[in-house]
Amino acid sequence: MPEKVRTVFADSDDEKVAKTKVLPQPTEEPERKKKRNKKRKLDEPEVSNPADQDVPKEIAVPVKEVEKAVPVPKKRAETVSQTNGAPSSKSYPKSKSRPFTDTKTNFTPLREKAKALLETRRKLPVFENADLIRDLLRAQDVMLLVGETGSGKSTQIPQFLVDEFWCRPVPTQITRDGKTEKKMVGGCIAITQPRRVAAISLARRVAEEMGTPLGSHSPASKVGYSVRFDTSTSPSTRVKFLTEGMLLQEMLHDPNLTKYSAIVVDEVHERGINVDLTLGFLRNLVSGKKEGRGGVPLKVIVMSATADMESLTDFFQQGLKQPEAQQKAIESAEADADKMDTSSPKDISVCRIKGRQFAVKTIYSPAPVHDFVDAALKIIFQIHQKEPMPGDILVFLTGQETVEALEHLVNEYAMSMDPSLPKILVLPLFAALPQAAQQRVFAPAPPRTRKVVLSTNIAETSVTVSGVRHVIDCGKAKVKQFRTRLGLDSLLVKPISKSAAIQRKGRAGREAPGQCFRLYTEKDYLALDETNTPEILRCDLSQALLNMKARGVDDIVGFPFLTRPPREALEKALLQLLNINALEDDGKISAVGLHIAKLPLTPTLGRVLLAAAENGHECLLDVIDIISCLSVENIFLNTTSEEKKEAAEAARRDLYRREGDHLTMLMTVRVYAAEQADRKAWAERHLVSHRAMQSVMDVRKQLRTQCRQAKLLTNEALNNTSLHDPSPILILQSFLAGFATNTARLVPDGSYRTIVGNQTVAIHPSSVLYGKKLEAIMYNEFVFTNRSYARGVSAVQMDWVGEALAGKD
DNA sequence: GAGCACTGC
């Protein structure tokens with residue numbers, strides 16, 4: 001450990017001194033600092049009396065003693081209750097407040113609740129490992145933790161660690177480019193999640209357990225979260241749940257994560273591309289010499305539900321065991337290199353935690369199943385007739401199509417069912433289902449009714465349905481795979497992995513013992529892949545590579561990939577980045593690339609945005625509207641019934657544009673944004689997804705703000721509410737700057753062939769140009785399902801395509 | 001004539 005660090009830790013044995021001085025400073029961004037400085041003036045007199053600071057005291061208390069450690073002075077509680085519920089955004093009390101105490105919020109009920117929750121927490125399997133985990137992390141920087149679902153790891157681990165000595169902010173001096181800068185390092189724990197809802201709900205739960213308000217509700221809140229469009233933190237946030245993408249974004253601005261003492265990477269087994277990137281960057285951080293953190297180590301806790309930890313251990317061990325000589329050579333240039341610690345323990349601990357699952361009996365199909373919809377139907381009624389109530393059924397299917405097919409069959413059969421049997425309530429569940437319909441699966445079944453939830457793999461990870469005791473697993477799922485050579489995404493039904501099968505089965509044992517019917521043979525099961533194919537092997541890598549380049553990782557081949565993508569895929573992505581001028585010829589990131597990397601868009605859409613900026617404010621605003629639609633799920637709802645369909649077609653007619661889907665989207669955003677009375681009703685009338693449109697408006701707002709900050713848009717242009725006539729030519733030409741290779745021309749037989757590659761492609765039936773014959777088309781997506789489809793299609797002229805393609809060489 | 005699931009200052 002570096003000497004200066006050790007000194008500070010020694011000082012901080014005196015809790016009061018360390019906390020009062022140190023706690024406030026490290027985690028804040030300039031904006032927040034401003035706000036707080038204002039407040040600090042009012043607070044000044046109280047700061048000098050550390051004994052009066054109940055908030056820091058609470059931090060020093062070991063987890064186990066929380067319940068006796070939070071006495072609230074009665075007098076205070078009374079004062080507070082008068083103002084209970086007042087919004088925290090208002091000014092804070094003048095005389096009584098101190099830094100990070102919030103007398104506007106009544107903490108008493110929060111603490112009472114936390115006290116009550118402690119009993120539940122103690123029963124979690126992970127709780128008995130608390131001391132072990134703390135001990136191991138005092139000695140080592142990296143820990144791998146296998147915890148089955150229900151072990152409580154996501155909520156408890158941060159609470160075990162937040163009071164550790166190494167989790168305090170440390171004043172350091174950081175030397176960069178010859179300049180020495182004083183900086184606080186550490187103090188905060190980040191826990192990453194693959195999904196936004198998970199990040200938010202975990203934060204809410206942990207705040208309750210810690211007896212603190214959540215996020216920005218109070219400046220004293222110690223638990224916050226950060227997801228796109230929704231960040232809720234306070235100056236005293238010490239535990240922060242965020243999405244992986246958000247942490248990557250933070251790393252773009254602070255590559256050394258100086259706010260944090262520890263990063264907990266949760267749900268690693270899901271292996272999204274963002275988690276792979278995060279782990280790569282973190283490995284570089286823990287194995288590097290940490291001079292960007294003033295020598296303060298960063299603890300990394302990697303958590304996974306599946307026991308496939310060998311590859312992770314190797315991954316981090318290789319990083320830590322990099323030849324000392326190599327490190328020394330780099331360090332020798334540093335003035336204080338000799339103070340750096342190279343003898344800290346390099347081992348990685350692995351900790352396994354039992355889950356809290358009930359036994360689930362597995363029943364395999366005796367013979368291969370050809371029609372899993374039919375097989376599922378039989379088993380549903382078999383269960384319903386034999387098994388006692390309660391006990392809902394969850395069926396895993398591949399997609400909306402099979403879900404709806406089975407839904408009809410079950411409902412049909414149920415009508416001729418013995419009336420003495422309990423009723424059956426069939427509930428479909430898939431992502432494209434409107435929110436209200438999704439909510440129905442969470443409501444308990446009515447009396448004498450068995451719920452049968454027919455789901456895509458949304459219920460495998462994202463959504464937990466309670467009451468389920470019987471799972472039927474078709475053994476398949478739709479998987480998106482990017483095919484490098486063809487440059488297209490395919491969405492095909494594939495067998496799931498063993499770990500996914502186990503995950504699905506586990507859904508039957510959350511509340512009681514259950515059973516899982518697998519619609520495949522045991523032999524088939526044994527032949528399945530062990531784990532899901534990591535997303536990094538299945539997707540277009542251009543965005544990931546641009547992200548790395550923006551962080552100064554120029555040697556892509558030398559980057560520590562947990563799973564290395566094939567060379568061909570990397571090369572293709574680099575070529576694509578070169579094509580849109582995001583990279584210089586030598587492979588270094590260009591100014592354009594750096595700009596694109598900061599946008600929450602794919603590199604191609606980012607390139608389009610920059611191209612539109614060159615075509616004037618009006619064009620840029622229009623292109624932002626369109627890009628917002630393209631980066632959101634489908635904004636047009638699927639029509640189920642024929643009558644509805646016709647009504648929708650009629651209502652949508654005034655939105656449709658003959659130029660294609662891009663201009664149609666622009667019209668939709670314009671009309672929706674102009675709708676002042678009732679946007680929801682408008683959306684329903686036009687069979688437009690209100691939920692999707694809300695995200696569109698969020699993205700639009702975010703992009704407009706970013707463009708203003710980048711001086712691509714002026715406030716004037718943004719505030720000008722009078723609508724201009726869009727220029728389809730400028731808009732579509734802007735798109736061609738990114739999508740010149742996503743074009744096809746009409747050939748004499750009436751079909752379309754891609755201009756690059758000469759492959760057959762058909763206009764997707766969801767397009768407004770479906771069935772139209774045009775000289776040439778440009779499309780947003782090239783997808784293979786039953787055949788090759790172009791989605792998000794507009795008409796373009798061959799000479800524009802030619803110009804755009806020529807511009808690349 | 002068609003849409004697995006996630007995600008980004």
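Because the structure is predicted, anything quoted here is derived from the model rather than measured. Residue numbering restarts at 1 for every chain, and letters A, B, ... go by the order of the sequence lines.
Atom P of nucleotide B:dG8 and atom CG of A:L605 are separated by 16 Å, given to the nearest angstrom. The CD1 atom of A:I200 sits 14 Å away from the C1' atom of B:dG8 (whole-angstrom rounding). As rounded to whole Å, 12 Å separates atom C1' of B:dC9 from atom CG of A:L601. When rounded to the nearest whole Å, the span between CD of A:Q543 and P of B:dG8 equals 12 Å. B:dA2 atom P lies 8 Å from atom CD of A:E401, rounded to whole Å. For A:E404 and B:dA2, the CD to P distance is 14 Å, given to the nearest whole Å. Computed from coordinates, the A:Y779 OH to B:dG3 P distance equals 17 Å when rounded to whole Å. The distance from atom CZ of A:R196 to atom C1' of B:dG8 is 9 Å, rounded to the nearest whole Å.
With sequence neighbours left out, the side chain to side chain donor-acceptor pair (under 3.5 Å) criterion links A:T484 to no other residue. The ring-ring contact (aromatic ring centres under 6.0 Å, His included) check on A:F372 picks up nothing, with sequence neighbours excluded.
Nearest to the side chain of A:I458, among B:dG8, B:dA5, B:dG3, sits B:dA5. Between B:dC9, B:dT7, B:dG3, one nucleotide has an atom nearer to the side chain of A:Y789 than all others, and that is B:dG3. Out of B:dC9, B:dA5, B:dG1, the shortest distance to the side chain of A:K480 is found at B:dA5. Out of B:dG3, B:dC6, B:dG8, the shortest distance to the side chain of A:A431 is found at B:dC6. For A:R228, the listed nucleotide lying nearest its side chain is B:dG8; candidates were B:dC6, B:dG8, B:dG3. Residue A:P600 has its side chain nearest to B:dG8 when only B:dG1, B:dG8, B:dA5 are considered. For A:R195, taking side-chain heavy atoms from C-beta onward, the closest of the listed nucleotides B:dG8, B:dC6, B:dG3 is B:dC6. Across B:dG8, B:dC6, B:dG3, the shortest atom-to-atom separation from the side chain of A:N786 is found for B:dG3.
An OP1 or OP2 oxygen of B:dA5 is reached within less than 4.0 angstrom by no side-chain nitrogen or oxygen of A:T461.
The closest side-chain heavy-atom distance from A:P600 to A:R228 is below 4.5 Å. Two residues are said to be in side-chain contact when any heavy atoms from C-beta on lie closer than 4.5 Å; A:R204 and A:V223 fail this criterion. Side-chain contact between A:D625 and A:Y672 is absent, with no heavy atoms from C-beta onward closer than 4.5 Å.
If A:V479 and A:L599 are placed on DNA chain B by their nearest nucleotide, the residue sitting closer to the 5' end is A:V479.
Among the heavy atoms of the strands lying under 4.0 Å from A:Q706 is at least one base atom, whether or not backbone atoms are also near.
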